[in-house]
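Every chain is numbered from 1 and lettered A, B, ... according to where its sequence line falls, protein lines coming before strand lines.
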Amino acid sequence: MAVTPPTDAELNTMIRARLASLGIDLDQLPAGTTADPVTGSPGRDSVLASLRSFVRGSVTALASFQMPAPAGSDPAHAAALSQQPAPLLYPSISTEWRR
Amino acid sequence: MTAVNRRVFLARTAAITAAAAAGAAALPAAASAWSGRTPKFGDGAYVKPRPEAISDPTELTVAEAAWMIRYGKLKPADIVEAYLARIGRFDGVYRAFNTVLADEARAAAKAAGRKRQTTPLHGIPLAIKDNYWTAGVRTTANSFLFQDFVPPYDATPVAKLRASGAIVLGKTQMGPLATTRATTPDGRVTTVNAWTPGNPATDPGGSSTGTATSVAGRMAASGTGTQTGGSITAPSNAQNLTGLKPTMGRVSLAGIIPLSYTRDHPGPLARDAKDAAIMLTAMAGEDPADPRTQGLPPLPDLIEAATPVVAKGRCRVRRRTRVGVLPGYASTATRQTFLSTLDGITDVSLVDVAFPDQWDLLTGNDFNNVRLPERSEPFLPYLRTDLRGFGVSVTGWLQGALMGGTEFITGQRAKLLLLERVLDQIFEKCDVVVQTSPVPFDILGLPEIGFPIGFTTTGVPVGTILGGAPTRRTASWPS
């Protein structure tokens, strides 16, 4: 069953809650869409709009990406996907380990 | 155990004292500062100057200045004074530096004049991007967050350059926290392209803007930059320079203010390939403070690789080289001319290569954004207490804090998938590949070199980028 996409209000709640769980309070930023005259940091409404777009775009795109099933396995079975190559933070350096 | 060089030890001790006085004593132990052997440079690092460059030391490349010093025709103090004079005359417009270390540079030049030259960087004044820690000298990364930060020791690449005899002339203006072209932290343009000083609208390239402008404007002999998303190759291309972004791990990141730790690459911006080779040779190498530098193959002889080979009056490559051309690369007349010139070099062949499978997706903005949690995590204390201190750049740091671990891991798996496709579908067909954007190779940590290929009709430099497989240098490339 398809998941209903979140509304702006739901995303705002989620974003604020997620940031708060990390100890980050968006209310440090100026209210509205006007940038801080001293530091140039954007207003919190502008930031929230950008963050909603980020969640709907990049977070969703990454979450929906399906790695190719390992060679010889049946991609219809999720079990095969548990045997994907291990993630590597430094793929270029890792080529030296894999020669 | 590595022996501690006495000069480095004394310098470090003095720096710690200065830093403690500035309130920076709670920083990581100074014992993590690099103290090792300096590399060896061959005779190819010393080049007899072009006649037109002899009368003005700021016209000399590093290799030419090294030749002049070697043969007693120039002293480090003369070189430093010449550069300081140019800075005094022009930097009010160029705004390449945010700190000029005139007294320190003069003292270092005087000291260098009393010592025997052992490397081509002996007595050579350099510009250092302001995200490299410099002992006892304010290091801001052009951010409100670091505006009063005085590091207790040098970043490893700076320590290595100094150990090779180089002189730190100043710290250069950069994009706030290495994000954009150089502006103030609140987003007002500062540094201009040295080729169009009267027109701030001309892109000078970012974020190593100040280094590029200082070197192109002959206010430093060479300089350092960092690249996370094109920030060495872009300003090099914009200002007629040669920039080297090495393979991840070639140069230590210890002591450099991070942007994205899997993609930050220190490297040189230089007048030409020979100078870039000299700089990278000095900067590269294993560092106990950065495990990413360990276990890589030895650095090839970059000086030799950057020395032109001429046979029967024609420049040639050292070995047969297949240059991959990606779709859409030849979209401008300048690029077409460049490819035609390449095609005319003996033992160079052009090979059309297709983009690997899912190229647009795996190198596109959404997958590139998997880097953002790397920004946020080391900056959490600042995000909790000083969001406005991030200035115009704050949104990227908050985006990173929003990404969940599941998506982050998927993104890391996708990087390996992308690398395997680049190796299998590009580098099976060619040795080096022209780049349509630096970002894919930044994602993967693969080496790139940016260099000039012409000018626009209005006289603005045009450059291009070549990329290679891991740890592979452009060893067959003519200068």
Colleague: Mind checking the CG-CG spacing from L19(A) to L51(A)? Nearest 0.5 Å is all I need.
Modeller: 6.5 Å
Colleague: Could you tell me which residues in residues 418-425 of chain B have at least one non-hydrogen atom under 4.5 Å from a non-hydrogen atom of chain A, sorted by residue number?
Modeller: L419(B), E420(B), R421(B), L423(B)
Colleague: Do you see a donor-acceptor pair shorter than 3.5 Å between the side chains of T191(B) and Q173(B)?
Modeller: no
Colleague: How close do G389(B) and S143(B) get, heavy atom to heavy atom, and via which atoms?
Modeller: O-OG, 3.8 Å
Colleague: Looking only at side chains, do D264(B) and T228(B) share a donor and an acceptor under 3.5 Å apart?
Modeller: yes
Colleague: Report the option among V370(B), L417(B), I409(B), V394(B) that has the most heavy-atom pairs separated by less than 4.5 Å from atoms of chain A.
Modeller: L417(B)
Colleague: What option among T39(A), L22(A), V38(A) has the most heavy-atom pairs under 4.5 Å with chain B?
Modeller: T39(A)
Colleague: Given that the side chain runs from C-beta out, which part of L387(B) has a heavy atom under 4.5 Å from chain A: side chain, backbone, both or neither?
Modeller: both
Colleague: Given the options I24(A), D25(A), I15(A), L88(A), which has more heavy-atom pairs under 4.5 Å with chain B than any of the others?
Modeller: I24(A)
Colleague: Side chains of D290(B) and T293(B): do they bring a donor and an acceptor to under 3.5 Å?
Modeller: no
Colleague: Side chain, backbone, both or neither: which part of F390(B) has an atom under 4.5 Å from a heavy atom of chain A?
Modeller: neither
Colleague: Are D442(B) and Q227(B) close enough that a side-chain donor and a side-chain acceptor fall under 3.5 Å?
Modeller: yes
Colleague: Establish, from distance only, whether the side-chain atoms of D130(B) and T140(B) form a donor-acceptor pair under 3.5 Å.
Modeller: yes
Colleague: Are any of the side-chain heavy atoms of P470(B) and L446(B) separated by less than 4.5 Å?
Modeller: yes
Colleague: Examine whether an atom of Y261(B) lies under 4.5 Å from a heavy atom of chain A, and if so say whether it belongs to the side chain, the backbone or both; otherwise answer neither.
Modeller: both
Colleague: Go through the atoms of A35(A) and report whether side chain, backbone, both or neither lie under 4.5 Å from a heavy atom of chain B.
Modeller: neither
Colleague: Return the option, out of V59(A), I93(A), V47(A), with the maximum number of heavy-atom pairs under 4.5 Å with chain B.
Modeller: I93(A)
Colleague: Can you tell whether the side chains of D8(A) and R52(A) come within less than 4.0 Å, N to carboxylate O?
Modeller: yes
Colleague: Counting only non-hydrogen atoms closer than 4.5 Å, does R292(B) touch chain A with its backbone (N, CA, C, O), its side chain (CB onward), both, or neither?
Modeller: both
Colleague: Compare every heavy atom of S437(B) with every heavy atom of E448(B), then report the nearest pair and how far apart it is.
Modeller: OE2-O, 4.2 Å
Colleague: With respect to chain A, which residue among R388(B), R384(B), K415(B) yields the maximal number of heavy-atom pairs within a distance under 4.5 Å?
Modeller: R388(B)
Colleague: Between P246(B) and G267(B), what is the shortest heavy-atom contact and its length?
Modeller: CD-CA, 4.2 Å
Colleague: Test your reading of the model: is there a side-chain donor-acceptor pair from R56(A) to the backbone of P6(A), 3.5 Å cut-off?
Modeller: yes
Colleague: When you look at T156(B) and D287(B), which way does the side chain to side chain donor-acceptor pair (under 3.5 Å) test go after all the steps?
Modeller: CA-CA 8 Å; T156(B) 297; D287(B) 177 12; 2.7 Å; yes
Colleague: Where does T395(B) contact chain A at under 4.5 Å (heavy atoms): side chain, backbone, both or neither?
Modeller: both
Colleague: Taking the side chain as every heavy atom from C-beta outward, state whether P30(A) and S41(A) have any pair of such atoms under 4.5 Å apart.
Modeller: yes
Colleague: Specify which of S50(A), P68(A), G40(A), P37(A) makes the most heavy-atom pairs with chain B at under 4.5 Å.
Modeller: G40(A)
Colleague: Establish, yes or no, whether a centroid distance under 6.0 Å links the rings of F144(B) and Y382(B).
Modeller: no
Colleague: Could you tell me if the side chain of T410(B) sits less than 4.5 Å from the side chain of R413(B), heavy atoms only?
Modeller: no
Colleague: Quick check: under 4.5 Å, non-hydrogen atoms only, which of residues 371-381 of chain B neighbour chain A?
Modeller: L372(B), L380(B)
Colleague: With respect to chain A, which residue among E407(B), Q399(B), Q412(B), M248(B) yields the maximal number of heavy-atom pairs within a distance under 4.5 Å?
Modeller: Q399(B)
Colleague: Return the option, out of N368(B), L402(B), L416(B), with the maximum number of heavy-atom pairs under 4.5 Å with chain A.
Modeller: L402(B)
